[in-house]
Amino acid sequence: MSGVIVSMRRTLLSCTSLARNSLIGSALAALLPAGPAKAADFVDTLSTLLDFNRQEVAVLTTALALLGFSVMAAILLMRTRVRTAKNEARLRARIGELQLQADRFGALLFAEPQILISWPAGDNRAQISGDISMVLPRDSSPQRVLAFGTWLPPEPALQMDHAVNGLRERGDGFQLNVTTSNGHTLEAIGRAIGGQAIVRIRELSGLRRELAETSLRHKALLDETELLRGFAAAAPWPIWAKGANGALAYANPAYVLATEAHSVLDAQERKLELLDSADRTDMERGLKEAAHFTSRLPIVIGGERRIYDVRAVNVGAGSVGVAIDASEADALSSALVRMAEAHRRTLDQLSSGVAVFDGQRRLAFYNDSYRRLWDLDRNFLDSNPDDSSVLDQLRAARKLPEQPDFRAWKAKLHEAYRAVETAKDTWFLPDGRALSVVTTPNPEGGVTYLFDDVTESLDLARRFDGLIRVQRETLDSLAEGVAVFGSNGRAQLFNPTFARMWKLSGEALSEQPHIQTVEGWCHQLFDDATVWRQIREAITSIENRVDVLLKLERKDGSVLDCMIRPLPDGATMLTFQDITDTENVERALRERNEALEAADQMKVDFVHHVSYELRSPLTTIIGFAHFLSDPSTGPLTPKQAEYLDYVTKSTNALLALTNNILDLATIDAGAMKLELGPVDVSKAIELAAEGIQDRLATDRIRLKVDIASDVGSFTGDEKRVVQVLYNLLANAVGFSPPDSVVGLSARRSERNVIFTVTDSGPGIPADMKDKVFNWFESRSQGSRHRGAGLGLSLVRSFVELHGGKVRVDSLVGKGTTVTCDFPTDQAAHRDAAE
């Protein structure tokens, strides 16, 4: 201690005051750990040795404290170095031991080929070590190991990706056995250790491979068994398995339900069978002989008889069977067979020839029309010949169209077997027939041929085309304008006359304008809205389609007849005929007729008026003539008596003429009424003959009367019948020469009484026969007859009033015969007239 103090003293003495204070402080600080007592002793010693005053002592104390701190710091640093050196030696020894241990573990870990892949926590970079040649070539980058798809098939590679992602993201461990693309079996184990995800990949070999493969097969077998059991349980068909002794070993729920068992155990204990004894015997025989059995059998399930397809096979020492419900398939199959048979019967009834060739181009079906069309042998067709054979036979018989290259033509025809669309063609055969041929590819393969004899159809089409052309030419040459409008109101057909008649453009009409458009074009010639509306309604109406006749008087003075005629196809035909000239002629004829009718009426009125005016004085004259001829009035000289006789005859003739005129006027006015009653034919002839006796005596003419014995009487107006006979006799006497004979006969038929008057006069020329019954038509024809020409007019009028007929037969120079037929039944005549 004293040496230290001496040393410090030297040091202090050699330092400045400030330096000394620092050293003393450091020393004190270094001595502080020794305790306050030693520090105080140390200070006191320093004060004594150095003989400092108190101020210096204070400074010295501070310096000593600093000196002590430095010393302590140096001591502590020394101690730390010593401790660090010791720890470093121990750490180096430990690292050496860990290195040795790691080498031992590495040697142990890589004693067999394997690959280690590790991912530190929070780091996506993988550390790969080991022998990568077990999965990749030696010159490959270790990072390619992470591309599992480069050395694993797709499914195992995807499985590895999912397993590694689960390990890294959630720490899910895994163990997989995978097979590489080159056939090596590897084991991949993934674990989360010390915050790292580590995957070890090694090859399985020997017993471990066998155990792994066995485990895999066992697992796969278990999975497959579970899958099959689940399928069998869910299947709606009865499934069963039997042992070597034939006892039920397994049944699914559908089998239990079908056999009405409570469970599989119940079905086994009660030995419930799905099939009846005969079917079971057949199934056992089939399994014994062929190791399998297949049949469609009826099975009653739940009281309902259904059809099932039963299949059973031997499996090991036992057998497995299944029954699939085929009721619907059986029904559909039966329906399909019936439908096919119905189709066959229908095709047999067709007039079209049908031939169906299958996918091998062999004849599968034909109908009788096909056989008769080609006149082929039925045995040949029933032998199912191929398409080429049929064509060759038809060609040999010269029944096919003549072809310059038959092979190319046949090859083109057979393209239908590869086509997808129906093809149509027309064959013109050497015998003059024309056939329509339709080839249709069948969905199941093959081709269907349809043959139709269209010879008559083509002939009719040619005739129709010719007829259409003729009709078109005829229509175009018509003088009438013709236009046909469809049901839509548009012009479908027109002829040039129609366009010219209405001054329309043929090009515009060819655009099929609507009737309203045509109407607008025609307004310049005819604008009657009512008529055009009637035409539009007739064209566009659906019901009440009838012919309509219209007359159109146009602005240019022309007149058209319009006929609207509906056609059967819903169209409407309009025809326009220019009747301007006809209308003018008709108008002139109408005006002339009206004038003639007025003149005729004037004539009738005049005759009627004059007749009445003449009758009154005639009656007076006749009365006074009778009064003068009466002896009571006094005697007359012969000359006076002669003159009075002339007056009497003349007045009687004039009165008869007047009466005839009045009768004709009455008949013409429709006011004549017959006074019907029984008419005695003999009496009527007698009365008529009395009226002409004086004329017969004067002209020396003999009257020959011939009355049939059965003539009897008939219903009529006796006065008018006598008047008819009188006029006929008077007319005959007037035209007969002297010393001749006039005949009057009467006979009866089934319905008529017939009067005939004949004379031997000059006869009537042919051009006069139709005029002899007209008023005032009188011609002497070289005879002595003179008259007003009213007799025969009255005859015809009175006979026709009775419902009879008058006819005249005459030859010039041979005389005339007039025949009057009076009906015997006037009631029937009146009914017919009404």
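Atom set for the values below is all heavy atoms of this structure, side chains included, hydrogens, waters and symmetry mates excluded. Here the structure is a predicted model, which means the values were calculated and not measured.
Residue Glu402 places its CD atom among more than 12 non-hydrogen atoms of other residues, nucleotides or ligands, all under 6.0 Å distant.
For residues 376-389, every residue pair satisfying the salt bridge (charged side-chain N to carboxylate O under 4.0 Å, His left out) rule, not counting sequence neighbours, is listed here: Asp368-Arg378. Applying the salt bridge (charged side-chain N to carboxylate O under 4.0 Å, His left out) rule to pairs touching residues 313-325 yields Arg306-Asp325, sequence neighbours excluded. Counting only residues at least two apart or in different chains, ring pair (Phe, Tyr, Trp, His ring centres under 6.0 Å) contacts with residues 226-261 comprise Trp240-Tyr255.
Counting only N and O atoms by type, the side chains of Gln512 and Gln492 include no donor and acceptor under 3.5 Å apart.
The side-chain heavy atoms of Leu400 and Trp409, taken from C-beta on, include a pair separated by under 4.5 Å. Considering only heavy atoms from C-beta on, Ile324 stays 4.5 Å or farther from Arg296 through its side chain.
Residues Arg462 and Asp459 are paired through a salt bridge, judged by an N-O separation under 4.0 Å between the basic side chain and the carboxylate. No salt bridge links Asp392 with Arg395; every basic N to acidic carboxylate O contact stays at or beyond 4.0 Å. For Glu273 and Lys242, the salt-bridge test passes: some basic side-chain N is under 4.0 Å from an acidic carboxylate O.
When atom types are taken as modelled, the side chain of Arg565 and the backbone of Asp547 share no donor-acceptor pair closer than 3.5 angstrom. The closest donor-acceptor contact from the side chain of Asn367 to the backbone of Ser352 lies under 3.5 Å.
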